[in-house]
Amino acid sequence: MQVYRDADADPALIRGRKVAVIGYGNQGRAQALNLRDSGVEVTVALPPASESRGRAGDDGFDVMTAAQAAERADLAMMLAADEDQGRIYAEEVAPHLRAGAALGFSHGLAIRFGLIAPRADLDVFLVAPKGPGTALRSEYEAGRGLIALFAVHQDASGGAEALALSYAAAIGSGRAGILATSFAEECEADLFNEQAVLWGAIPELIHAGFETLVEAGFAPEIAYFECLTEVKLLADLIYERGIAGMREAISNTAEFGALAGGRRIVTDETRAEMRRILGEVRSGAFTARLIADAGAGYPRLRASRDEAAAHPVEAVRQRLLGLGGGT
Ligand SMILES: NC(=O)c1ccc[n+]([C@@H]2O[C@H](COP(=O)([O-])OP(=O)(O)OC[C@H]3O[C@@H](n4cnc5c(N)ncnc54)[C@H](OP(=O)(O)O)[C@@H]3O)[C@@H](O)[C@H]2O)c1
C-alpha cells in the first residue's frame, strides 16, 4: 500500500482554495481549526438554528448556511452526519457550488451507497482521518498527526489527487501517513469494523462479562474493574506492541487463560455472523436501515442509547467516580 507524507503534498494547493467546512461537530471543528492553522481560508457552514454556531463563532470562524458557504467556496467539505449528507448536497451544495469546484468527504458512505451523485464537473475526494476529531486536533497541536485514508472518486480537473493530498497534509495527516484507498473500501471496512469489532462487539462483550460475574454473586465493582477498566490497559498494550507483543507483557496465567477462553467466545459461528454483517454492509441493507431510522427521528438509535444508559454498569461507574476512581 502506498503511503504519502508531507513531502508528497503541495501545501499551496489547498491554501489557494476557499474551503467551506459543512458541519461543526466532531470532525468539522477539528478539521476547520487544523486547516486554518495551516494557512487555509475556512468558512464554517451550519443550519441557522444550530447550537454549534456559538462555538464556531467563538473559535473565530465566519458562520453561514451551507448554501451561502458553498456559493463562496472552491471546496465544500461534507462533515455533516452521513445520513444528512444527501439532502444537504441536493438542497444546499449542488445548486450553489461553482463549476469546477471540489467536494470532499471524510467517510465514503454517501458516495458508496448513492446518497449523493456528484455533479460531473466536480473533483470528488475522500480524506478520512483514522480517529475522532478530538484526537485529530490534539495531535495537530502537539506537532504530530493522525493517519488518514484518501481516495478520489471523480477527477474532473485532473488535479483531484494532488488536492486531496494537500488537504490531508493541512489537517496534519502528512506528518503520520496518508494511505491510498477507494471510497468503497474505506466505507465498507469502516462500517464492518464499527459493528463487528469496535462499537458493536466489544461493548457487548463487556456487558456480557459483567453480567455473568454479577449474576454469579461477584461484587459489581469487582466485575466492573475486571471487565471494563482493564479494557483500556489491553487497548494500550495492543496499540503499543501488537497482539503478539501484548501477550509478552501479561502474566503466563493471563496468557494461558487467553488460550482457554478466546476461541470459545469467538467461534466459527461468530465468524459466520461477521461475514453476514459484511454482506449486509456491502448490499446496502445496513445503510437503508440507517436512513430509515434517521427519517423516522431515530427511534432505534434513541432506544439503544436509553438501554445503554440504563445498564447497571453505568451505576457502578457513577459510584466509582464518586470515590474518585474507576474511570
Ligand atoms: N466522528 C468521528 O470520529 C469521525 C471519524 C472519521 C470520519 N468521520 C466522518 O465525518 C463526518 C462527520 O461526522 P461527525 O461525527 O463529525 O458528525 P457530527 O459530530 O454529528 O457533526 C455533524 C455536524 O453537521 C451539522 N449539520 C447538520 N445539518 C447541517 C446543515 N444543513 N448544514 C451544515 N451543517 C449541518 C451539525 O450541526 P449541529 O451542531 O447543530 O448538530 C453538526 O455540527 C461523517 O461523514 C463521518 O462518518 C467521523
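We count ligands from 1, going down the list as the structure has it; atoms in each ligand are counted the same way. Fair warning: this is a prediction, and the values are worked out from it, not measured in the lab.
Remark: ligand 1 atoms within the under-4.0 Å shell around heavy atoms of A81 are 22 (C). Near S50, meaning under 4.0 Å from one of its heavy atoms, ligand 1 places the atoms 37 (O), 38 (P), 39 (O), 40 (O). Atoms of ligand 1 found under 4.0 Å from any heavy atom of G131 (numbered from 1 in listed order, with element): 3 (O), 5 (C). Distances below 4.0 Å separate heavy atoms of P132 from the following atoms of ligand 1: 3 (O). Applying the 4.0 Å criterion to heavy atoms of I22 picks out, from ligand 1, the atoms 33 (C). Interface of H107 with ligand 1, defined as ligand atoms under 4.0 Å from a residue heavy atom, comprises 45 (O), 47 (O).
The protein heavy-atom contact nearest to atom 21 (O) of ligand 1 is G25 CA, 3.4 Å. Remark: minimum distance from atom 37 (O) of ligand 1 to any protein heavy atom is reached at L46 CD2, 3.6 Å. With respect to atom 27 (C) of ligand 1, the closest heavy atom belonging to the protein is P47 CG, 4.1 Å. The protein non-hydrogen atom at the shortest distance from atom 31 (N) of ligand 1 is E92 OE2, 3.1 Å. The closest protein non-hydrogen atom to atom 14 (P) of ligand 1 is N26 CB, 4.0 Å. Remark: minimum distance from atom 10 (O) of ligand 1 to any protein heavy atom is reached at Q27 CG, 3.5 Å. In terms of protein heavy-atom proximity, atom 41 (O) of ligand 1 is nearest to S52 OG, 4.6 Å. For atom 11 (C) of ligand 1, the closest non-hydrogen atom of the protein is A80 O, 3.8 Å.
With hydrogens and angles disregarded, no donor-acceptor distance shorter than 3.5 Å links the side chain of E161 to the backbone of V152. No side-chain donor-acceptor contact under 3.5 Å links S38 to the backbone of V40.
Any N or O atom pair closer than 3.5 Å counts here, and D84 shares no such pair with ligand 1. Between P129 and ligand 1, no pair of N/O atoms sits closer than 3.5 Å. At under 3.5 Å, a nitrogen or oxygen of D82, whether backbone or side chain, sits near a nitrogen or oxygen of ligand 1.
Atom OG1 of T229 is separated from atom CG of L320 by 7.0 Å, given to the nearest 0.5 angstrom.
Using a cutoff of 4.0 Å between basic side-chain nitrogens and carboxylate oxygens, E139 and R144 are scored as salt-bridged. R137 and D37 are joined by a salt bridge, as a carboxylate oxygen and a charged side-chain nitrogen come within less than 4.0 angstrom of each other. Note on E269 versus R276: salt bridge recorded, some NZ/NE/NH1/NH2 to OD/OE distance being below 4.0 Å. A salt bridge between R241 and E248 is absent, with no side-chain N of the basic residue lying under 4.0 Å from a carboxylate O of the acidic one.
Partners of R15 under the side-chain hydrogen bond (donor to acceptor under 3.5 Å, both in side chains) rule, at least two apart in sequence or in another chain, do not exist in this structure.
Assignment of A45 to the shell around ligand 1 is supported, since a heavy atom sits closer than 4.0 Å. By the 4.0 Å heavy-atom criterion, Q85 is counted among the residues contacting ligand 1. For R53, the closest heavy-atom approach to ligand 1 does not fall below 4.0 Å. The closest approach between any non-hydrogen atom of A110 and ligand 1 is not below 4.0 Å.
The two atoms that bring S166 and L13 nearest to each other are OG-CB, 3.6 Å, heavy atoms only.
Checked options E185, E186, E188; the residue passing with R112 is E188 (criterion: salt bridge (charged side-chain N to carboxylate O under 4.0 Å, His left out)).
Aromatic ring orientation, F125 versus Y167: tilted (interplanar angle from 30° to 60°).
Between P47 and T65 the shortest side-chain heavy-atom distance does not fall below 4.5 Å.
Both the sub-6.0 Å distance and the 45° axial angle are satisfied by R36 relative to the ring of F61.
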